Amino acid sequence: MEPEELWAVLSDELRTEIDALLARNHFVRAIQVLRVKSGRTPVVDINEGKGLVGYRTGVLHECDLLEPPPESTVDGMLAELTERGLTPVAVEITWDGDSRGWQAELDVVVAHPHHHLVALGRFVPHLSRTQPVRDEAMWKGQELADRLGVPFHFPLPDAPDIDQPHWWEA
């Protein structure tokens, strides 16, 4: 069933509950509520739930009804690194996307035991943002790298793509 069709057969009460969860960025919880409370047999599967969440998130985004994501600050990211005992060897920005558009994720590269990314901030398109996600992520990523004394890597700032070379591959 297409997301629009599934949405149309849900009760007003359930639609209100799902939209309230999505507005607060509780995507997994919204799918869980849909599966438990829809009354459909067979139960709404995960892929249908993801489709509905993507559809409704897009609608809510267009109406500016999504809460802005919490701001990621450089000081906050530095504090998280200290709290988690992480020693980064680089700062990297990767792209991801959903129904709201391309998102920039600010990660640190950790070399224990192999190179891997640890996410510190996600910059999601939102109507209340004062600058594009790319610009905010680049500025904060470069500042974080400078303060840590490590390289900054953002290979595709002007061409969002989930397949990009990582710092340790460049």
Side-chain angles (χ1 to χ4, degrees), residues 3 20-32 45-170:
L21 288 166
L22 295 176
R24 295 188 320 273
N25 299 306
H26 296 290
F27 307 114
V28 174
R29 179 77 179 122
I31 293 171
Q32 182 182 35
D45 69 32
I46 297 294
N47 287 328
E48 283 181 305
K50 286 170 53 179
L52 181 82
V53 163
Y55 162 68
R56 288 306 300 168
T57 300
V59 169
L60 295 171
H61 173 68
E62 289 173 9
C63 298
D64 196 24
L65 295 174
L66 296 176
E67 290 181 11
E71 182 180 0
S72 296
T73 66
V74 173
D75 287 336
M77 289 183 260
L78 287 167
E80 183 177 343
L81 287 171
T82 300
E83 182 180 305
R84 294 174 68 181
L86 297 173
T87 305
V89 295
V91 173
E92 180 171 318
I93 296 177
T94 58
W95 288 109
D96 197 2
D98 67 13
S99 61
R100 294 172 284 179
W102 286 103
Q103 304 168 24
E105 183 174 279
L106 195 151
D107 306 300
V108 290
V109 179
V110 179
H112 258 300
H114 304 287
H115 289 111
H116 66 277
L117 300 175
V118 176
L120 292 180
R122 183 170 283 265
F123 302 88
V124 179
H126 193 274
L127 296 178
S128 69
R129 283 201 177 273
T130 57
Q131 57 187 332
V133 296
R134 179 200 69 161
D135 295 347
E136 183 180 0
M138 283 178 62
W139 173 79
K140 290 180 178 178
Q142 185 63 64
E143 183 178 339
L144 181 63
D146 290 347
R147 289 177 64 182
L148 291 169
V150 299
F152 174 68
H153 183 70
F154 191 10
L156 301 174
D158 297 317
D161 192 333
I162 58 172
D163 293 321
Q164 66 182 37
H166 292 291
W167 171 81
W168 62 89
E169 299 168 333

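Bear in mind that the values here come from a model prediction, so they are computed numbers and not experimental data.
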Handout entry: Residues in side-chain contact (heavy atoms from CB on, under 4.5 Å) contact with Asn47, at least two apart in sequence or another chain
Key = Asp45, Lys50
Exercise for the section: Answer yes or no: is there a side-chain heavy-atom contact under 4.5 Å between Arg122 and Leu106? Expected result: no
Practice task
Indicate yes or no: at least one non-hydrogen side-chain atom of Phe152 is less than 4.5 angstrom from one of Asp146.
Solution key: no
Handout entry: Sequence neighbours excluded, every pair satisfying ring-ring contact (aromatic ring centres under 6.0 Å, His included) that has a member inside residues 63-90
Key = none
Completion exercise
Across all chains, not counting sequence neighbours, the side-chain contact (heavy atoms from CB on, under 4.5 Å) partners of Ala119 are Glu105, Asp107
Completion exercise
Closest heavy-atom pair, Arg134 versus Pro157, reported as atoms and distance to 0.1 Å, is CD-O, 2.8 Å
Exercise for the section: Mark yes or no for whether Lys140, through its side chain, and Thr73, through its backbone, hold a donor-acceptor pair below 3.5 Å. Expected result: no
Fill in the blank from the handout: The complete set of side chain to side chain donor-acceptor pair (under 3.5 Å) pairs with one or both residues in residues 161-170, sequence neighbours excluded, reads Glu92-His166
Problem - Shortest non-hydrogen separation from Leu22 to Ala30 and the atoms involved - result: CD2-CB, 3.6 Å
Exercise for the section: Report yes if the side chains of Val91 and Val109 come closer than 4.5 Å at any heavy-atom pair, otherwise no. Expected result: no
Problem - Expected output: side-chain His153 to main-chain Pro151 donor-acceptor under 3.5 Å - result: no
Practice task
Provide the closest heavy-atom pair for Val53 versus Thr57 in the form atom of the first, atom of the second, distance.
Solution key: O-OG1, 2.6 Å
Exercise for the section: Would you please test Leu120 and Leu144 for side chain to side chain contact (heavy atoms under 4.5 Å, CB included) and show each step? Expected result: CA-CA 11 Å; Leu120 292 180; Leu144 181 63; 4.0 Å; yes
Fill in the blank from the handout: Those residues at least two apart in sequence (or on a different chain) that pass side-chain contact (heavy atoms from CB on, under 4.5 Å) with His26 are Leu21, Arg24, Arg29
Return a table of donor-acceptor pairs under 3.5 angstrom between the side chains of residues 81-90 and protein atoms on other chains or two or more places apart.
from	atom 1	to	atom 2	distance (Å)
Thr82	OG1	Leu78	O	3.2
Arg84	NH1	Glu80	OE2	2.9

Problem - Results of side chain to side chain donor-acceptor pair (under 3.5 Å) for Glu143 - residues two or more places apart only - result: Arg147
Exercise for the section: Compare every heavy atom of Gly121 with every heavy atom of Ser72, then report the nearest pair and how far apart it is. Expected result: OG-CA, 3.4 Å
Problem - Interatomic spacing from CD1 in Ile162 to CG in Leu156 - rounded to 0.5 Å - result: 11.5 Å
Exercise for the section: Would you please name every residue forming a side-chain contact (heavy atoms from CB on, under 4.5 Å) with Pro160, sequence neighbours left out? Expected result: Trp95, Trp102
